[in-house]
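In what follows, a structure is listed as structure tokens, so that the remarks can point back to it.
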Amino acid sequence: MRGLSIAFPAQAGSAAPFVAVEGVNLDVADGEFVAIVGPTGCGKSTLLNATAGLLTPATGTVSIFGDPLAGLNRKAGYLFQAEALFPWKSALENVAIGLEVAGTKQGEAREKARRWLGRVGLSAFADRYPHMLSGGQRKRVGLAQVLIRDPKILLMDEPFGPLDAQTRQIMGNLLLDLWSADRKAVLFVTHDLEEAIALADRVVIMGAGPASRIIGEWRVSLARPRGMDVRLEPAFHQLHREIWAMLKDEVVKGYRQSEAVG
Ligand SMILES: Nc1ncnc2c1ncn2[C@@H]1O[C@H](COP(=O)(O)OP(=O)(O)OP(=O)(O)O)[C@@H](O)[C@H]1O
């Protein structure tokens, strides 16, 4: 992203467009895992949506492997907080559907989907419908549904947000296992600084909006593979303290902003 600004049309009571993010520069290397953290409403999802090609920049550019992005980003797979499973399809059918729509024969797509369900630990649940799975299991199906298409870039927006704290950690570790087997560039949006440090190579902090920008970034040099106990390491706590010293003021500003508008 180079000089990226995103504005939304003026709302009632305001003459000017609302500038959500302004002048954002961010490079993500091939195979790098970058987490974006910032206060509520600062524009994290907006940045991700611009990278997905769902929003057009007011100024600046998004380039994907060197080519300016025009239209939808077809190299990216997107995992949202909200679930995108079809309720009337089984876990297996949900994982296979993306390939089938793209033209893969049903038998081959389902064979691949079976392998992916195995990789996310759900071999025994292939025939279950989403309502017969736990929240964590549905997230696993969602991960397999995105990864089976082998996107070069993964865009993740609070993907484990609705899960309980322990399941979030387990899902984070599953994601790291899958990612380390086949490194993709990851942009992972979260408001949870611990989650960001535990997962990422680099943590990028956004300031409170409007016209939010990147105000800091830290390289996470904790060794990989990282297990659940990485959060207990002194180096983890040291980094958390450093980043939080900057983030906490922005979090307070962010809440004030959201109250002022709401
Ligand atoms: N379609 C839209 N029209 C107008 N304003 C919008 C639109 N989408 C987002 N915004 C505003 O842009 C700002 C950034 O929103 P965004 O959802 O990107 O923030 P966020 O950092 O992802 O927030 P959260 O952590 O609460 O999910 C907010 O002030 C939001 O109200």
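Side chains are part of it too, since the values below use all heavy atoms of this structure and drop only hydrogens, waters and symmetry mates. When a ligand or atom number is given, it counts from 1 through the structure's own listing order. Start at 1 with the first residue, then count along the sequence.
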Q) Quick one: does NZ or CZ of R119 land under 6.0 Å from the six-membered ring centre of W116, within 45 degrees of the ring axis? A) yes
Q: Identify, with sequence neighbours excluded, every residue that meets side-chain contact (heavy atoms from CB on, under 4.5 Å) alongside P210.
A: F18, Q257
Q | Within the protein, residues bringing a heavy atom under 4.0 Å of ligand 1, chain by chain | A | F8, Q11, F18, A20, P39, T40, G41, C42, G43, K44, S45, T46
**Q.** K44 and D157 ion-paired at < 4.0 Å
**A.** no
Q.
Just so I know, are the side chains of E195 and F160 near enough to count as touching, which here means a heavy-atom distance under 4.5 Å?
A. yes
Q) By ring pair (Phe, Tyr, Trp, His ring centres under 6.0 Å), which residues pair with Y78, not counting sequence neighbours? A) F80
Q) In chain order, what residues pass the ring pair (Phe, Tyr, Trp, His ring centres under 6.0 Å) check against F33, with sequence neighbours excluded? A) W179, F188
